[in-house]
Amino acid sequence: LTVLSFGSDSNEITKDIFQKAFTDIMTIELSDAISAGKETHAYLKRLADSYNLSCRQKLYSELDKTADSFHPKDLKAYFKKWHNDLLQTKYYSQYANLKAVTPEKPVETISGLTVLNNMIGLTEPKLLIRQALDYAKAQKLFAEKGLTSARPSMHMVFSGNPGTAKTTVARLYAQIMKENGFLSKGDLIEVGRNDLVARYVGWTAKTVKAKFAEAKGSVLFIDEAYSLLDERAGSFGDEAINTIVQEMENAREDTIVIFAGYPNEMEYFLSRNPGLNSRIAYHINFPDYTESELLEIMKLLFQQNSMLLAPEGEAKVQQILAIYANQSNEGNGRLVRNLFEKAKMRQASRIVNFNKYNQTKEYLQT
């Protein structure tokens, strides 16, 4: 004898599947529903008795008269509301006019992919990160369907000049991979040569392994990775690189490594390490921002800080961007952020030396 029990009406589809799959098995459906009428009244009376309360007619009168039956959990919720109203209106009437404080709605977090897509420029990084995510999702889908799949290597190289948003994108990449179930923590662990190369023989490998342990479930971001190279072969830097290669393979299930730095130096770094290069799936170039993109970033900073950029100010910004935008070490997002901070300092000096009674809200924002 086989008894298949289905708990609620929402499982009708499941029930149909069982009945079609096992046509020769008798199905006995067990229901927790309580019939309306006397059975429902008796159930509510038992609940009232458990609180030493006399069952009032109002407890029955507001039940849905059209329902054929009720689930116990629904009757318990109904009784609880009736009981709370009774406490507030009869036993503790001094609180009758008070209302419960409505809890604030939790702040909705924006997905990492949405933030990335809303960033100015970065056409190639956006495309390649989307492709990496899609590939990882496809491999997961293959595995779920019993098809041949492999844990994809998600390690990356970010090459670009300062201020091209490499660190920002790496942090968003960690968040994106966590949100999609490919990383357990989704933090960004930033390291450089001093964090990986020890001063004494035998310590470097331990130091690197400790950093990988810290980065488990997250992204290990190695900035200026070429600084690990030493002129003399077999040095501590080579030991660090060899250990990194080993740990990349050992920790590929739940750790992603991103090597970052200047374009030319990163190309030389990878050419010196064929074994390392073969384990990196994605090489992403971060181009310098154009003047128009930098101006858009500046406007975005003003918007995010609830400030207004006057037409004269925008013209001045364009003059400065025309001079510095094409200088790889001076331009890009770093230039815009520094310019924005200097503008706020100048504004502060202007505001405090102006008659405060003439300061409108718009004046303080401009």
Side-chain angles (χ1 to χ4, degrees), residues 1-115 133 136-138 140-146 175-186 217 254:
L1 174 65
T2 300
V3 179
L4 305 179
S5 174
F6 303 88
S8 64
D9 294 339
S10 63
N11 287 325
E12 287 297 320
I13 296 176
T14 309
K15 185 170 68 175
D16 290 342
I17 292 173
F18 267 94
Q19 289 176 339
K20 290 176 182 177
F22 305 105
T23 56
D24 58 339
I25 291 180
M26 180 173 62
T27 302
I28 301 175
E29 185 170 357
L30 306 179
S31 175
D32 290 334
I34 299 175
S35 299
K38 291 183 179 179
E39 289 187 18
T40 302
H41 290 187
Y43 186 84
L44 291 174
K45 186 177 184 306
R46 287 197 298 272
L47 290 176
D49 290 343
S50 67
Y51 285 89
N52 295 320
L53 295 171
S54 59
C55 204
R56 291 170 170 75
Q57 188 61 33
K58 186 178 180 181
L59 179 58
Y60 305 140
S61 62
E62 295 184 6
L63 278 173
D64 184 0
K65 300 297 189 298
T66 62
D68 296 327
S69 61
F70 298 91
H71 195 277
K73 68 177 182 181
D74 297 326
L75 289 177
K76 288 177 180 178
Y78 171 77
F79 174 81
K80 182 178 180 181
K81 181 179 182 303
W82 173 83
H83 185 210
N84 288 343
D85 291 342
L86 186 66
L87 290 174
Q88 192 175 35
T89 56
K90 182 178 180 180
Y91 296 103
Y92 302 100
S93 57
Q94 63 268 37
Y95 301 119
N97 295 324
L98 296 181
K99 294 182 179 180
V101 177
T102 303
E104 295 183 4
K105 293 182 178 180
V107 178
E108 296 184 1
T109 56
I110 304 175
S111 71
L113 196 59
T114 300
V115 176
L133 178 61
K137 286 182 176 180
K140 185 178 181 180
L141 183 61
F142 294 157
E144 291 173 353
K145 299 299 182 181
Q175 179 183 344
I176 290 167
M177 297 306 285
K178 179 189 177 182
E179 290 170 345
N180 287 274
F182 298 109
L183 289 177
S184 58
K185 292 173 62 178
D254 198 25

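Residue numbers run from 1 in the order of the sequence given. Here the structure is a predicted model, which means the values were calculated and not measured.
Remark: Lys137 pairs with no residue by the salt bridge (Lys or Arg N to Asp or Glu O under 4.0 Å) rule, at least two apart or across chains. Under the side-chain hydrogen bond (donor to acceptor under 3.5 Å, both in side chains) criterion, Glu179 pairs with Gln175, not counting sequence neighbours. Judged as a side-chain contact (heavy atoms from CB on, under 4.5 Å), and not counting sequence neighbours, the contacts of Lys145 are Leu141, Leu147. Under the side-chain hydrogen bond (donor to acceptor under 3.5 Å, both in side chains) criterion, Lys76 pairs with no residue, sequence neighbours left out. Applying the side-chain hydrogen bond (donor to acceptor under 3.5 Å, both in side chains) criterion to Asp74, with sequence neighbours excluded, gives no partner residue.
The structure places CH2 of Trp82 at 10.0 Å from CG of Leu47, a figure rounded to the nearest 0.5 Å. Taking OH of Tyr51 as the reference point, atom CG of Leu86 lies at 12.0 Å (rounded to 0.5 Å). For the atom pair CG of Leu75 and CD of Glu39, the computed distance is 11.0 Å after rounding to the nearest 0.5 Å. Distance check, rounded to the nearest 0.5 Å: CG of Asn180 to CG of Leu133 gives 4.5 Å. To the nearest 0.5 angstrom, Ser184 atom OG is 11.5 Å from Met177 atom CE. Annotation: the span from Phe79 atom CZ to Leu53 atom CG amounts to 6.0 Å, rounded to 0.5 Å.
Considering all non-hydrogen atoms of both residues, Lys185 and Lys178 come closest at O-CD, 3.0 Å.
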